[in-house]
Structures are given as C-alpha cells and as structure tokens.
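Working notes for the structure below.
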Amino acid sequence: MIQSTSNKQQYLSFFIGEEEYCINILAVQEIRGWERAKPLPDAPNYVKGVVNLRGVVIPIMDMRIRFGVTEVEYLKTTVVIVIKVDDGGSEKVIGVVVDAVSEVYDLDESSIQPCGSIAGTIESKYLKGVATVSDKLVTVVDINKAFDFDELSSLT
Amino acid sequence: MSIDLSQFHQVFFEESFEGLEIMEQGLLGLSPGETDNETINSIFRAAHSIKGGSATFKFEEVSSFTHILETLLDEMRNGEREVTVEAVDLLLQSVDVLKDMLQLLQAHEPVPESLYKEISDALEAMVSEEGAGEGNGESAAVAESSASSNVVEATDDESMSWLIQFAPESHILRTGNEPSRMFKELSLLGEITVVCHHQKLPSLEEIEEELCYLSWSIILNADVDLLQIEEVFEWVKDESELGYEHLPLSAAEERLGTKASVAVDEVAPAAAVEATAPGSPAATPEAAPAADNRQLQVAPKKEVKDTAAADKKPAKVASTGSSSIRVGIDKVDSLINLVGELVITQSMLGQMGDDFNLEKLERLKEGLIQLEQNTRELQESVMRIRMLPISFVFNRFPRMVRDLAKKLDKEVELELIGEGTELDKTVMEQIGDPMVHLVRNSMDHGIESPDKREQAGKPRVGKVILNAYHQGGNIVIEITDDGAGINAEKVKEKAIERGVIDEKSELTVEQINNLIFEPGFSTADTISDVSGRGVGMDVVKRNINSLGGSVEVSSTPGHGSTFSIRLPLTLAILDGQVIRVGDQIFIVPLISIVESLQLKNQEITKIVGNTEVYRLREDHVPIVKICEEFCIDAEFKSYDDATVVVVEAEGVKVGLMVDELLAQQQVVIKSLDTNFISIDGISGATILGDGRVALILDIGGMIKRVNLTKKSKKAYAA
C-alpha cells in the first residue's frame, strides 16, 4: 500500500493488440525499447531469449504470445517492461514484451472485479480481475502468476 | 574513565573461537603416552588467552571453566601428568562445551550451568585424582632427557639425583634475583653440588658489575619432585635457561665431570656461591654444549609455532561461516601495485586522447595492450583474494573421523594430502557438507570392523585419505578408503529391487558403482545413525553438480573405494572458446575442449541408429550438431564446411559441429537461474565485448541431453 488511508494503488496499463491490460506499478523497474534477444534452447515459444540489462542477464518473455495472440510483430513501438517478480521468496527480473504502454491508473482494490469466465484465450488464473476506468474495461494481470517459474521448469 | 568493553566482545569471540580451533587441532595431534611440549604449550596458550579474555569481560562461567582446563593442561605441560586417551577425550569435550558457551554468550544468551557442569566436574575430578603423583617424575625425566641426547636409564639400586642446568640471562641481577639465594633454598631440599661455568666472563675492564656472566650446573642429591625444584626457580624461569634431568647420582656426577677435582672457586663477582662443593673453574665439556643444544632447539621451534599460528588464524573464516575473509598482506600489496599501474596506463591513454592524430595510432595500440594486461592481472589478483587453501575444509575432518571411529567401533587413521591447494571461498563453503557425507560413508560402509579387517589380512587400522590437487582448471578432491570396496553385485541387485535400473540393463562395473548416486539408494542393510537412510549420495551428487562439478566413484572389491570430486576453481570466471553456429554465438569452456579439427565427409561413419561417428585415433567420437539440438539454422551443409570441436566431459567424448571458431577469451559467468530457470546443456550466460549475450555450453549436460533425445527416439545411445 502506498497510502494507508485509501486502498488505492497505481497500475501501469499497456496494450496487447486492441486490449488494455495493467499491472501493479510497484513491480515495474523500467521500460525499454525492444531489442533482439539471444534465443534459449528448449524454451517455450513465448520466451524470446535473454538480453543484457546493464550486466545482468534477464529473460525476455512475450506477453502477447503468452496471452494467445498468434500474430506478433516487433515494431518500433514495441516495448519491453522490465518487472520484478516474486519466485518463491527470491526476486527475479524479467522483461515482458507488449505492444505499447499507455497510462497509469489509480485503482481501488475493491474496484477490481473477478473476471471468471470472460477471459477468452487467457487462462483466468493469470488474472486478478477486471476494473472499470472511465467507461473502459481494463484487465488486471497477476504478474507473479502469469510468469510462473515452476510451470516454466516443467515445460523445458 | 570507563570504557565500554562490549565493543571488544566481537574480537574476543573471534579470537576465542580461533583459540578453540587451535586447541582442538593440538589435542588431536597429541598421541597418548608421549609428551609433545610444543603442542601442549600451544593448547595451553590458547586456553590461557580465552581465560584471560573471559575474565576481562566478566564471563565468569567461561573463565572458571577454562581455569580448571588450564590446570590440567599445565600439569601436562610440566610433565606431571601423562597424556592419556581419557584426558584428551575430556579435553576435547571441554573444547566443545567452551564453544557452546561462547556461542551462547555471543548471542547474548545466558549460559545454563547444566551445559558445563558435567564436564567441569569431570575435569576437576581428573585434576584432583592424581595431582602431583608418583609417576610424574618419570615422565618429566623422559620429557627433559629427550631434549638432550643422552638418556641415562635409572638404575634401581642407586639413589636418584637431579642435575640442574641454570643459565640466567645477564640482566638477572637487575631484576632483584640473586642466584645464591636460590642455591640456599635448594640446599634445604637436600645435598647440592654446584659447578660454576664462567667461560663467558669477560676481562676485568669489560665487566659491568650489574651483569651476571655466570651459569651453573647443580646436582641435587635428594629424592624430591620436579615441582619442588621448579618452585625455587619460579621467579627466574622466564629469564633463564633451565634444564632438569633426573639421573642416578653417579651418572650426574660423571656428566659434571668434576667428581673429585674440587678446586677453589676464585672469582664469584656477583654471586657468592654457597655450596658443599665449590664450582670448578674447569669448563665441563658436556654442560656447555648441552646448553647450546637446548638453545638451538628452542629457536626453530619458535618459528614453527609462529607459522603454525599464522596458518591457523584464518581457519575460523571457513568454520564459523562468517562473511569476512582474511587476506594475506602480500595479496593486497600486489593488488595495490596493479591498481597503480592501471592508473598510469589510464593517464597515458587520457593524455593521448587530448590531442590525438593518426601518428599516435601505434602508441594507442600499445597502450590498449597494456590496459588489457593490467586488467587481466588485476582480475587474477582479485580472484586470488577469494582463494583459500582447502585445509579450511580439511581441518574439520580429523576430529570428525576420530569421533566417528569411536562411535562405529572401528579404527581409522586419516591422512590429509594437498592441504595447501587453493580453492574459491564460495566453492569451499559449499563443498564441506558433501565431503562430510562422503567421509562418513567411507567410514561407515567402506572401512570394515577391525576383526573383519584382520580376517581379510589387512591391518586393523583402516585408512581414509583426503587428497586435493589441481588438474587443468579444476580442483580434484579424492576421498579414498582401504575398506571393503563396493560390491557391484549387491548394488545391482538393490538397484533392480528399487527400480532404479531394469533387470535387463547391461552395465559395466563402473556404471554400476556410480548407481549409488541415484536417488533412493542405500545398500546398508541396517539403517545406522551415521548413514544409510538412502538419502545422501544423490544429494551429494546434486550439490556437487550445482557447483559445476562432478563426482565419480571407482572401487576395487576388497581393497577400497575412491570418490573423486571434480570442481571448477572458481564459479565466477571461465576460460572459454567462442564459437559460432549460424548467427548464434556460444561459449565452450576451454577445459572441456580436447581439440578442434576440420573434417571430410568420408571420415564420418554412420553406425546403428543413424549416429554419426568420427574415428579420432583409437576413439570413436559421436558427432553432435548443436544446430539440431538447439534448433538453429547453421550455415554448414556438409561436414566439409564445418569445424568439429571435440569436447570431453565425465569421460565421454563428443564432437560438436560448429560453423566457426572465434576468439578465446575469459568470460564472466552470469547465472541464468538468477532471473530465469536453468536449462539442460547450458551452464549460464555471459556478456560479450559488444554487449550481446552468449550462452555457455555445459558439456556434461549437453551429452546427457543428446543421449536423452536419442533414447527418446529409441536409437542407440552413445
């Protein structure tokens, strides 16, 4: 919580295709342009590889592929959100590829509604819920679940 | 002025733990029955400083406990008490108790009396039991006479006497000590004969009246304890050379060589000698060299002690797992030198950059070469700081082996080889536990009971050898025992029973032996306290593998087994060969490369199951295509265009097909694990000079991976 008086937290929103998603801004370390990553063998298709982030090797994962978008393009506007995720107590830094970052919203915890079965191609366990921001629907992603390293280990 | 003593507590604890370690090692080095004064002294010194320190900081439990300990040690030191197995055991236990007490104090917790009561009672009992008893004189005599070369056996029918050599330092009179008074006191104990040696007496003009130039040999013809004599010299023992020998009277007189030749003492400028027989002016030929000998013996011992202390000091770093590290000043000095050079190079390059023109290109290149060299040296220097001798790990084993042998009712001797071999601190910290496990295993399953050994025609005492040495960029640690070895049949049976392998599997003895590293495997028929729960060996293997090392076992039934642990010297840096496959860059660890060669298509033979094999001298080397393995588009279309890098891991050779060999360079290993997950066949990543990431191949993992894929294709596994 940033403020103890209200339950509001800030969320960074980004686009995957036409859809707007957001993640808790406290998990975000920085935003970078897309650069080609060094591919990793055996990795699932959404893991694009690893890049050098100022001396630290971080994996790049394409959230678009992860969320079932079949045709992905890497354009000038394609960005990588570098986020910190919690992996069973240890913190890992990963890069997440999205089409564009958009805005920062103040969301009340209570305004996030569980999304249940409306999630289409995305498994609902990756999602925290859906929030309404000025008549738009924004999907809130649970970043720790969306990139689960245990699941990754079993895939490779 | 009051000083806050608590600021020194940490230092006290560190020093005390260090002291305890010295004590423990010293105690383990003591063999019952013989008196090694130097060792006892070092144990005593350590105990003494703990006592002193704890008293200063008002840790009364510790100081009173150490006091009893010290009394016992003091008696041993003076030769009044024989070094027995029981005494050493008790002392070792007290070291443990002290360690516990100090740890509690360090954590600011109270020390319960129950912790030390038992041991301190036992110590007290031992002290009072046979204080200055009967046998002590003898052991003292043995101790002393072993220092001088002449050992004279006591004969029963002759009265015993003490031959005392007394050579005070010249300034003894200034400290208010008067030799004649000591002689008087001695004469109260019995009849004394004093011979004065005045060879060192200078001519009259040079005499300083305050200095003492004399030394004496005294025969005390009385049956008294050494302690009583020592008491007489109590005040001067630090300022003089004293020697005591317990001899039959005639032998003592013979040694003095002046039995009847009583001459009148002419000069006794400083000390009025009062004695039944005045000292002889004639020099006694034996006494002088004897004194010299002693002096000579003392000097080198001191040196040994100093270096030993220096060696042992950093030991606590590893054992307490503290995060600090003690570095030799020479290493720091070389570091400072290198930084100095680096600064010079930097300023040279900086100046050149100020007004650069093409004429200076040569000099720029030179400067860059110099910079490269500086950087490399600096890097090596920094790495060396992290390198510690493996004795930090080895040191814990003598005690462990001793205790374990007792527990298992076996007789085991431990031999340490290559303790000076240096190893990275992080590797060192993590290798301790697997090694403990392997040593336990060797002692529990390997070494047989003494009776069994005798039946097998082996010495009763089993042997465990720890050996460390460098090989290539690796450190190899071997744990060898001369026990029963691994019963391959039994292992196979168990493996089948537990479903580790299939009944039909055809395995070599080597392969069978290495099955013991499989999870859920234990051949111990009974589960013992020491090992045999069926967990362990697989954990050992996993731990070692996670350090980038490997472990193998070889065994000869009836003659023992050898476990070899192979570890990289450091986890941070690797000498690598940069290779290119398609547009991808990989690093192959230089140590795994056997050779690189160009092939012709016709040199490749296809054998069963579509495996391509190249005949490298007498070996058949299966070819692995990285491009296929990692799904990369390679440039080469046939073997004619490709380069084959023959690599070896865990005794298996394979040829990696690559497009091109690029540079050889040192790379800094970045773990993939930190931010991702580990991948089979990849040991990590590194960042190249241009900022791109390259993956480092793990050859061992790579081979396994290839075998797995092949197995899944139901093909012949190489």
Side-chain angles (χ1 to χ4, degrees), chain A residues 27-30 32-63 66 74 80-97 143-156, chain B residues 546 572-574 578-588 624-634 656 658 667-699 701-706 708-709 712:
Chain A
V28 178
Q29 183 183 308
E30 65 189 270
R32 295 162 60 84
W34 158 255
E35 60 175 312
R36 253 198 92 192
K38 164 86 192 176
L40 290 171
D42 292 349
N45 59 348
Y46 65 86
V47 178
K48 302 311 293 176
V50 284
V51 297
N52 165 23
L53 178 75
R54 295 184 296 276
V56 182
V57 175
I58 62 163
I60 299 296
M61 317 211 187
D62 198 320
M63 199 179 250
R66 178 70 168 157
Y74 295 96
V80 176
I81 309 174
V82 179
I83 55 174
K84 290 170 282 191
V85 295
D86 178 47
D87 173 45
S90 69
E91 193 175 75
K92 293 191 169 179
V93 180
I94 62 171
V96 173
V97 184
I143 207 68
N144 289 333
K145 291 204 179 113
F147 297 101
D148 185 359
F149 287 94
D150 291 336
E151 188 190 320
L152 261 177
S153 307
S154 62
L155 275 175
T156 52
Chain B
S546 71
I573 286 195
L574 175 116
V578 186
I579 57 164
R580 184 176 62 85
V581 180
D583 58 348
Q584 300 288 318
I585 305 285
F586 291 95
I587 313 281
V588 181
V624 173
K625 291 178 186 160
I626 299 184
C627 48
E628 281 178 15
E629 205 49 54
F630 290 162
C631 309
I632 304 163
D633 298 323
L656 298 178
V658 303
V667 295
V668 180
I669 302 173
K670 308 263 177 187
S671 144
L672 275 180
D673 237 18
T674 330
N675 287 315
F676 193 56
I677 49 168
S678 49
I679 295 173
D680 288 340
I682 303 284
S683 62
T686 191
I687 294 164
L688 298 174
D690 58 3
R692 278 190 301 164
V693 178
L695 298 178
I696 303 166
L697 296 183
D698 163 24
I699 300 303
M702 184 92 186
I703 292 171
K704 274 188 207 116
R705 198 188 138 102
V706 172
L708 274 178
T709 22
S712 64

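Every chain is numbered from 1 and lettered A, B, ... according to where its sequence line falls, protein lines coming before strand lines.
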| request: Nearest 0.5 Å please: distance from the CZ atom of B:Arg692 over to the CZ atom of A:Arg36. | output: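 Rounded to the nearest 0.5 Å, the CZ-CZ separation comes out at 9.5 Å.
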
| task | Answer yes or no: is there a donor N or O on one side and an acceptor on the other, between the side chain of A:Lys38 and the main chain of B:Ile585, under 3.5 Å? | result |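 Answer holds: yes.
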
| task | State, to 0.1 Å, how close B:Ile687 and A:Asn52 come at their nearest heavy-atom pair, and which atoms those are. | result |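 Scanning both residues, the minimum pair turns out to be CD1-OD1, 3.0 Å.
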
| Which region of B:Ile682, side chain (C-beta onward) or backbone (N, CA, C, O), has a non-hydrogen atom less than 4.5 Å from a non-hydrogen atom of chain A, or is it both or neither? |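 B:Ile682 touches chain A through side-chain heavy atoms alone.
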
| What part of B:Leu688 gets closer than 4.5 Å to chain A, counting heavy atoms only: side chain, backbone, both or neither? |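 Contact with chain A: none, neither part.
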
| request: Pick out which of A:Ile58, A:Val47, A:Ile94 makes a side-chain contact (heavy atoms from CB on, under 4.5 Å) with B:Phe676. | output: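 So the option named by the test is A:Val47.
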
| Relative to chain B, which segment of A:Glu91 carries a heavy atom at a distance below 4.5 Å: side chain, backbone, both, or neither? |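 For A:Glu91, the contact with chain B is made by the backbone alone.
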
